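These numbers come from a predicted model, not from an experiment.
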Amino acid sequence: MSPPPLLLPLLLLLLPLLNVEPAGATLIRIPLRRVQPERRTLNLLRGWGEPAKLPKLGAPSPGDKPAFVPLSNYRDVQYFGEIGLGMPPQNFTVVFDTGSSNLWVPSRRCHFFSVPCWLHHRFDPKASSSFQPNGTKFAIQYGSGRVDGILSEDKLTIGGIKGASVIFGEALWEPSLVFTFAHFDGILGLGFPILAVEGVRPPLDVLVEQGLLDKPVFSFYFNRDPEKPDGGELVLGGSDPAHYIPPLTFVPVTVPAYWQIHMERVKVGSGLTLCARGCAAILDTGTSLITGPTEEIQALNTAIGGFPLLAGEFLFSPKYIILCSEIPKLPAVSFLLGGVWFNLTAQDYVIQTTRNGVRLCLSGFQALDVPPPAGPFWILGDVFLGTYVAVFDRGDRKSSARVGLARAHKGEADLGGGETAQAQFPG
């Protein structure tokens, strides 16, 4: 028997809703905004040059609309946004970093001679009614600086998520100049638990365990177009199909510490093949460039016409200059991941900037040798992630961790309109 005439239009309206994720799949959308370039560029990276010392393996936001946390993009290098700690929330700007797993912010109890502490927001435990002392000492070594302090426990606010009880670091000592000039206060790590100092549960794990986030999935969309006002978006709990051109190509995580995958090959145009027998690659939002073993990166930069600079500003600043007039003629650099070629044009991998009125074009590829047992590996940083959306899926008891990749849209979608996007999870 066919449905009554008035019921048929209603069924047609309801049919699309059958494919929508349940209420628990509400996305926490964290929009990025762009910060104008400055003369001093400070890149925050962990100590990739040192052997890794890893320990032994051992309710959604209310309403139908996603919650928003404004984020900033520091010279297309670092992406950061606001979180709250304590009750009432004390606001901090943090880098969202897939290459580490701890959350820390400066402390009001910091060392008198720790200059970065006095130039940033500081956490005051006496101003929070929900503060719980811990007192365990911690230390984190980054490639361009070290942080020392003590662990504490309090409530985390991020987007529409409130009330998650997390253990975080209060930084008491930040001796490096990199933190002095940084536009962010601290770091929120999105790596695997094994990387967390002192065995602290990473914030993402806490949100899922406490039922505040549906799945341990998040995605980054970086808009690197300097003419666009928005800098992209971090999505917690899934991904937004409006950010990329489907389908997503999923590549399994081979070592669940950093977001490490297997890379089958790298090609430069039709004349140079690198990583010929396959190699490891790390997807890292905390690294600005694409790095690889010295010998291969030198060959790559020669193939794209790069001239070595005598010295960079900092350890992880670009080291090769490109003739800007040659950009239209440069070959593509392609990465074979999961059986699919991911191509970067010169517009993607050449960093174009202006200093003192002079246009500069710099190579987005830099040599970095990571010794065993952690290395060697390549790092696919923001130069790669600015072109391809990455969906980081931690997996569960039924499935292993993996990363989904797809070509990013060039900013056609309005990411700041506040409309609810359908959550998309790996199948």
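For Q298, the side chain to side chain contact (heavy atoms under 4.5 Å, CB included) partners two or more places apart in sequence, or in a different chain, are T294, Y320. S400 is linked by a side chain to side chain donor-acceptor pair (under 3.5 Å) to nothing, counting only residues two or more places apart in sequence or in another chain. The side chain to side chain donor-acceptor pair (under 3.5 Å) check on E209 picks up R201, with sequence neighbours excluded. By the side chain to side chain contact (heavy atoms under 4.5 Å, CB included) test, D396 pairs with K398, S399, sequence neighbours left out. With sequence neighbours excluded, the residues forming a ring pair (Phe, Tyr, Trp, His ring centres under 6.0 Å) with W259 are F192, F218, F392, listed by chain and number. In terms of the side chain to side chain contact (heavy atoms under 4.5 Å, CB included) criterion, residue partners of L172 (sequence neighbours excluded) are, by chain and number, S107, R109, I150. Among residues two or more places apart in sequence or in another chain, the side chain to side chain donor-acceptor pair (under 3.5 Å) test is passed with E198 by none. Applying the side chain to side chain contact (heavy atoms under 4.5 Å, CB included) rule to D124 yields the partners Q90, R108, K126, A127; only residues at least two apart in sequence or on another chain are considered. With sequence neighbours left out, the side chain to side chain donor-acceptor pair (under 3.5 Å) criterion links H262 to no other residue.
In this structure the side chain of Y244 reaches within 4.5 angstrom of the side chain of S239, judged on heavy atoms. Looking at F138 and V147, their side chains come closer than 4.5 Å, going by heavy atoms from C-beta outward. The closest side-chain heavy-atom distance from D382 to F222 is below 4.5 Å. Contact check for D97 versus D284: side-chain heavy atoms found under the 4.5 Å cut-off. With a 4.5 Å cut-off on side-chain heavy atoms, L85 and L156 count as touching. Counting only heavy atoms from C-beta outward, the side chains of V403 and V253 approach each other to under 4.5 Å. Side-chain contact check for E233 versus V235: some heavy-atom pair is nearer than 4.5 Å. Put simply, the side chain of Y349 reaches to within 4.5 Å of the side chain of I304, judged on heavy atoms.
When each of V255, V251, I282 is checked for a side-chain contact (heavy atoms from CB on, under 4.5 Å) with I261, only V251 meets the rule. The only option from L204, I158, D205, L27 that meets the side-chain contact (heavy atoms from CB on, under 4.5 Å) definition with L213 turns out to be L204.
No donor-acceptor pair under 3.5 Å is formed between the side chain of T254 and the backbone N or O of A280. No donor-acceptor pair closer than 3.5 Å links the side chain of D185 to the backbone N or O of V94. Checked by atom type and distance alone, the side chain of H120 pairs as donor or acceptor with a backbone atom of F184 at under 3.5 Å. Remark: side-chain polar atoms of E296 are paired, donor with acceptor, to backbone N or O of C275 under 3.5 angstrom.
Within the structure, disulfide (SG to SG under 2.5 Å) pairs that include any residue of residues 343-375 comprise C324-C361 (at least two apart or interchain). Here side chain to side chain donor-acceptor pair (under 3.5 Å) pairs that include residues 156-169, with residues two or more places apart or in two chains, are E153-S165.
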Donor-acceptor list for residues 332-344 side chains, cut-off 3.5 Å, not counting sequence neighbours:
{"from": "S334", "atom 1": "OG", "to": "N343", "atom 2": "OD1", "distance (Å)": "2.6"}

(request) Carefully, step by step, assess E170 and V105 under the rule side-chain contact (heavy atoms from CB on, under 4.5 Å). (result) CA-CA 6 Å; E170 288 189 61; V105 297; 5.6 Å; no
(request) Apply the test side-chain contact (heavy atoms from CB on, under 4.5 Å) to residues L385 and L380: give CA-CA distance (whole Å), side-chain angles for both, the deciding distance (0.1 Å), then the verdict. (result) CA-CA 7 Å; L385 296 172; L380 304 182; 5.7 Å; no
(request) Show the numbers, then the answer: is there a side-chain contact (heavy atoms from CB on, under 4.5 Å) between D148 and K137? (result) CA-CA 8 Å; D148 294 84; K137 294 181 180 181; over 6 Å; no
(message) Could you go through T285 and L234, starting from their C-alpha distance and side-chain angles, then the distance that decides it, and tell me whether this counts as side-chain contact (heavy atoms from CB on, under 4.5 Å)?
(response) CA-CA 11 Å; T285 59; L234 163 64; over 6 Å; no
